[in-house]
Amino acid sequence: MGIITRSSVGRKPSEIMRFFVTTFIGIVFGFFIGVSVPTLSITKLNLPSGLLPSIDLSYIEDRYTGRQAWSFMNSGNKRSSSQVQALNDTSKIWVPSNPRGAERLPPGIVEAESDFYLRRLWGKPSEDLTSKPNYLVTFTVGYEQKKNIDAAVKKFSGNFSVLLFHYDGRTTEWDEFEWSKRAIHVSVHKQTKWWYAKRFLHPDIVAPYDYIFIWDEDLGVEHFDAEEYLKLVRKHGLEISQPGLEPNKGLTWQMTKRRGDREVHKVTVEKPGWCSDPHLPPCAAFVEIMAPVFSRDAWRCVWHMIQNDLVHGWGLDFALRRCVEPAHEKIGVVDSQWIVHQGLPSLGNQGESQTGKAPWQGVRERCRKEWTMFQTRLASAEDAYYKSIGIDTSNSTAH
């Protein structure tokens, strides 16, 4: 019995040692297997549904894919630590030619311009657009003029983006028209088209468009075709233009009156004393603000001239000439594509009655005040500029 006892005690240390060695080898082997085999998605395992009844597999999946995202973000950084440190030091980037405020960005990531192209919420971004309209038309509208606007929009081909500015707050009702579902709608109560234009038609937003139409809602378009109009604009080199106006509707200016014997005109003869120079408004270099059309470059200048607080745009028509050169050649009226100004005071009725006056009277008074204010600001700005470069304009009559 003593021999048996000694034999059992003698083998016990070796068995313990074998257990520890085996365990250690198993741990090492498992570690290397774990780091070498790709991550396995639990949700892709074909396990019986009753095996893991209380485990939210999607939660586990999300937790583990977080690690994958981290791996993805770092997979492209095959750089030395010194390179990574240099890249993370954003003060190393300063590009003065970038747009203001974006100087710290590498130029390749800067998107300085945008557009009104509608995009999908799914799929590849590169496949969103089946076409890119070359032109933009905007109308400032109230729902009461829906028939007028419907007729007008149909005069513009699919090569136009359509943007409606709603001054009465009614937008969804327009979906009775199929084209409205593809249009852009911006709604702010009781605002004018120049208020909208200053805030939503920044030159960098409308940069993709060759021409921008900024039109009123009360225009008859029976004799107008937008594509034919632009052919004539290009043919005659017009940067700022408008269609001729039907001459029997109480026109103010001879310049915008339609002439039936030509395609385009750029000059006119006004009442005695109205034109100090035949190349200046209102005898030339002049269109009205009801239905202007701007080239991309001309609009970039005009937008900067629109005053933030002067919402009616009165006086702007006389100043448009400052944005093109020579103005009497590049501003004109297209006669063979003409419109009728119906003169509906719809936006004027959005004013408020004060001191016993009708709402439209208060609106008209502000229009006249803004015209005077704009002229004063422009003259003062010109005088200040010329003074800064040493030119005395006190005896000049041409502003």
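The structure displayed is predicted, hence computed values, not measured ones.
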Residue pair K146, Y143: steps toward the side-chain hydrogen bond (donor to acceptor under 3.5 Å, both in side chains) verdict: CA-CA 5 Å; K146 64 176 182 176; Y143 186 65; 3.2 Å; yes
Distance, nearest 0.5 Å, that separates [atom1] of [X] from [atom2] of [Y]:
X    : Y    : atom1 : atom2 : answer
C323 : M305 : SG    : CE    : 4.0 Å
I212 : I214 : CD1   : CD1   : 7.0 Å
S241 : K266 : OG    : NZ    : 10.5 Å
K155 : E227 : NZ    : CD    : 13.0 Å

Tell me, with the steps shown, if K330 and I240 meet side-chain contact (heavy atoms from CB on, under 4.5 Å). CA-CA 7 Å; K330 294 187 176 182; I240 301 175; over 6 Å; no
Taking the side chain from [X] and the backbone from [Y], do they hold a donor-acceptor pair closer than 3.5 Å?
X    : Y    : answer
E288 : D317 : no
W215 : A291 : yes
D218 : G343 : yes
Q342 : V340 : no
E370 : V311 : yes
Q337 : D225 : yes
K190 : D168 : no
R104 : I93  : no
R199 : N308 : yes
K198 : D309 : no

Looking only at non-hydrogen atoms, find the nearest pair between [X] and [Y] and report the distance.
X    : Y    : value
Q242 : T256 : OE1-CG2, 3.3 Å
H328 : A285 : N-CB, 4.0 Å
L245 : H341 : CD2-CB, 4.4 Å
V110 : P99  : CG1-CD, 3.8 Å
L238 : E329 : CD2-O, 3.9 Å
R119 : P125 : NH1-O, 3.3 Å

Is there side-chain contact between [X] and [Y], with heavy atoms separated by less than 4.5 Å?
X    : Y    : answer
R234 : D210 : yes
R366 : W314 : no
F200 : W195 : yes
D150 : K154 : yes

Ring pair (Phe, Tyr, Trp, His ring centres under 6.0 Å) partners for H236, two or more places apart: none
Restricting to ring pair (Phe, Tyr, Trp, His ring centres under 6.0 Å), what partner residues turn up for F116, sequence neighbours left out?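 Checked F116 against ring pair (Phe, Tyr, Trp, His ring centres under 6.0 Å); zero matches.
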Test log, rule side-chain hydrogen bond (donor to acceptor under 3.5 Å, both in side chains), inputs D335 and H265: CA-CA 7 Å; D335 297 290; H265 73 270; 2.9 Å; yes
Determine whether the side chains of [X] and [Y] contain a donor N or O and an acceptor N or O closer than 3.5 Å.
X    : Y    : value
H185 : S180 : yes
S161 : R182 : no
S157 : Y135 : no

D175 vs K181, salt bridge (charged side-chain N to carboxylate O under 4.0 Å, His left out): CA-CA, chis, key distance, verdict: CA-CA 6 Å; D175 281 350; K181 300 173 184 178; over 6 Å; no
Does [X] have more than 12 heavy atoms from other residues, nucleotides or ligands lying within 6.0 Å of its [atom1]?
X    : atom1 : answer
R300 : CZ    : yes
E176 : CD    : yes
Y117 : OH    : yes
I391 : CD1   : yes

Pair [X] + [Y]: ring centers closer than 6.0 Å:
X    : Y    : answer
F165 : F139 : no
W174 : H166 : yes
F156 : W179 : no
W303 : W194 : no
F286 : W253 : yes

Evaluate salt bridge (charged side-chain N to carboxylate O under 4.0 Å, His left out) for K235 paired with E263, printing each intermediate quantity in order. CA-CA 10 Å; K235 176 181 177 180; E263 292 181 335; 2.9 Å; yes
Take S187 and R170 through the side-chain hydrogen bond (donor to acceptor under 3.5 Å, both in side chains) test and state the conclusion after the steps. CA-CA 8 Å; S187 177; R170 301 176 68 179; over 6 Å; no
Please test S295 against E239 for side-chain hydrogen bond (donor to acceptor under 3.5 Å, both in side chains), starting from the C-alpha separation and ending with a verdict. CA-CA 5 Å; S295 71; E239 296 290 320; 2.4 Å; yes
Checking side-chain contact (heavy atoms from CB on, under 4.5 Å) for the pair V233/V293: CA distance, chi angles, key distance, verdict? CA-CA 10 Å; V233 163; V293 179; 5.6 Å; no
Could you walk me through whether K231 and E228 pass the salt bridge (charged side-chain N to carboxylate O under 4.0 Å, His left out) check? CA-CA 5 Å; K231 288 179 182 177; E228 294 299 318; 3.2 Å; yes
Result of checking F213, Y209, Y211 against F160 for ring pair (Phe, Tyr, Trp, His ring centres under 6.0 Å):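 Going through the options one by one, the only one that passes is F213.
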Of the options V162, L201, D115, which is the one that meets L136 in a side-chain contact (heavy atoms from CB on, under 4.5 Å)? L201
When L164 is tested against each of T140, I184, V137, I149 for side-chain contact (heavy atoms from CB on, under 4.5 Å), which residue passes? I149
Starting from the C-alpha separation in whole Å, work towards a yes-or-no answer on side-chain contact (heavy atoms from CB on, under 4.5 Å) for D216 and K193. CA-CA 8 Å; D216 288 355; K193 74 175 181 181; 2.9 Å; yes
Do the ring planes of W299 and F294 sit parallel (below 30°), tilted (30 to 60°) or perpendicular (above 60°)?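 Geometry flag for F294 against W299: tilted rings.
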